[in-house]
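Just the heavy atoms: all of them, side chains too, but no hydrogens, waters or symmetry mates, feed the values below. Residue numbering restarts at 1 for every chain, and letters A, B, ... go by the order of the sequence lines. Remember, it's a predicted structure, so these values are computed and weren't measured experimentally.
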There are 4 protein chains.
Amino acid sequence: MEFDIKEIEKDAPLPLYYQLKAIIKNQIEEGKLKPDEPIPSERDLMDMYNISRTPVRQAINELVVEGLLRREHGKGTFVASKKISQSFWRI
Amino acid sequence: MEFDIKEIEKDAPLPLYYQLKAIIKNQIEEGKLKPDEPIPSERDLMDMYNISRTPVRQAINELVVEGLLRREHGKGTFVASKKISQSFWRI
Amino acid sequence: MEFDIKEIEKDAPLPLYYQLKAIIKNQIEEGKLKPDEPIPSERDLMDMYNISRTPVRQAINELVVEGLLRREHGKGTFVASKKISQSFWRI
Amino acid sequence: MEFDIKEIEKDAPLPLYYQLKAIIKNQIEEGKLKPDEPIPSERDLMDMYNISRTPVRQAINELVVEGLLRREHGKGTFVASKKISQSFWRI
DNA sequence: GTGGTCTAGACCACA
DNA sequence: GTGGTCTAGACCACG
């Protein structure tokens, strides 16, 4: 698993969660995060970007809803296996 | 000893331990588990419901506190003998 | 709030949670922790004693059952307000 | 970590724990198990040799006393780091 | 950023 | 071979 810690701009006009969401989404689409691989834990993301829990969870939540990520309680958050379900629900 | 393996819903809004607690409680109250009979071991409950030991122990713990179960180290967990103690502690 | 970080002995015959429970209990009874004051967070206690969350929670759980502590989700764990409830439940 | 599952003879005149102890000792001395490496868990050893918990623990206990193994609660049992302590205590 | 729940293990103490 | 304790994490629900 690779995870680039690109920058988040705290003064940017874009919400923190939105920037983080874009970063994660990018890494999935670029293939740096592969299906069924774990992404960094919520706590790690908080520390990596020095942001609080709220934007981290909002970013992940939306990516889960969009079908790009899958959470497993007590285990972690993973890149979704297939993009089928994603496009299915997006209709 | 009979023990029905009703279903636990992993996506339910109710915690796993709470669902398991309700199942055990139910079987005691329906008389499927009788006083002084053993319930399945913690490891068996883990396997039966495909859950981890933590929710199993929490379910049992609470039923012990409520006076419905009694643990015996090295021997097992049993349905409490009388309901007297139970109602006694309930005020 | 004062909290003395007395020692926990990892090789002691007493379980870690039991030692921690005694430490907290002591400080309440000595008045170093006063009613409605918060005790250190679970994660702080983990760090202070270099132990895992399990014994920390077990120590606190038992003190809650004994009426010495009160938890507030999202806020913290506090010394119980009165000792009345405590002795009440003790019979 | 390598661990050869040599045979244990259940009908042998030697106690099970003694045979297991010899097997583990052998693998440490042959260097198949290296310092600070974990040995198989107690449960795994039970399953590997189809023996009960008692001989497994007795074998490990004695190797701990002899300074060849070191236990870490909740983590595992490891080959001792140095043989110094071992010979030290053996005097 | 707390407490609440859970995973997936391990060793320990008691029959 | 049970229940008891512990490790080292994770995500969840609530401020």
Worksheet entry | Rounded interatomic separation in angstrom, taking CD from C:Glu72 and P from F:dC14 | 15 Å
Worksheet item: How long is the line joining CG of B:Asn61 and C1' of F:dG3, in whole Å?
Response: 11 Å
Worksheet item: How close or far is atom C1' of E:dC11 from atom CD of D:Gln58, stated in whole angstroms?
Response: 17 Å
Worksheet item: Rounded to the nearest Å, what distance is computed from the CG atom of residue C:Asp11 to the P atom of nucleotide F:dC6?
Response: 12 Å
Worksheet item: Over how many whole Å does the gap from B:Leu63 atom CG to F:dG3 atom C1' extend?
Response: 16 Å
Worksheet entry | Residue met sooner reading DNA chain F from 5', once D:Met46 and D:Gly74 are mapped to nucleotides | D:Met46
Fill in: Under 4.0 angstrom between D:Thr77 side-chain N/O and E:dC11 OP1 or OP2
yes
Worksheet item: Rounding to a whole Å, what distance do you find between B:Asp47:CG and E:dG9:C1'?
Response: 14 Å
Worksheet item: Going by modelled atom types, is there a donor-acceptor pair between the base of E:dA10 and the side chain of D:His73 at under 3.5 Å?
Response: no
Fill in: Phosphate OP1/OP2 of F:dA10 contacted by A:Ser41 side-chain N/O (<4.0 Å)
yes
Discussion item. For a quick check, tell me whether the side chain of A:Arg43 and the base of E:dG1 share a donor-acceptor pair closer than 3.5 Å.
Written reply: no
Item to complete: Give the rounded distance in Å between these two atoms: CG of D:Asp44 and C1' of E:dC11.
Response: 13 Å
Worksheet entry | Watson-Crick/G-U partner (both atom distances under 3.5 Å) of F:dC14 | E:dG1
Worksheet item: Nearest-Å distance, CD1 (D:Ile60) to C1' (E:dA10)?
Response: 11 Å
Worksheet item: Is the distance from OP1 or OP2 of E:dG4 to the nearest side-chain N or O of C:Arg71 less than 4.0 Å?
Response: yes
Worksheet item: Between F:dC11 and A:Arg57, is there an OP1 or OP2 to side-chain N/O distance shorter than 4.0 Å?
Response: no
Discussion item. Can you see if the side chain of B:Lys10 gets near the phosphate of E:dT7 - specifically, an N or O under 4.0 Å from OP1 or OP2?
Written reply: yes
Fill in: Any D:Lys75 side-chain nitrogen or oxygen under 4.0 Å from OP1 or OP2 of F:dC6
no
Worksheet item: Going only through I, L, V, M, F, W and Y residues with side-chain contacts under 4.5 Å, is there a path from C:Tyr18 to C:Tyr49?
Response: no
Worksheet entry | Other residues, nucleotides, ligands: >12 heavy atoms within 6.0 Å of B:Lys6 NZ | yes
Worksheet item: Is any side-chain heavy atom of A:Tyr17 closer than 4.5 Å to a side-chain heavy atom of A:Thr54?
Response: no
Practice prompt. Report the nucleotide, chosen from F:dC6, E:dT7, F:dT7, that has the shortest atom-to-atom distance to any side-chain atom of C:Ser52.
Written response: F:dT7
Discussion item. For the CD1 atom of B:Ile39 and the CD1 atom of B:Ile60, what is their distance to the nearest 0.5 Å?
Written reply: 4.0 Å
Worksheet entry | Side-chain ion pair, C:Lys25 and C:Glu62, N-O less than 4.0 Å | no
Worksheet entry | 5' priority, DNA chain E, between A:Arg53 and B:Pro15 [closest heavy atom] | A:Arg53
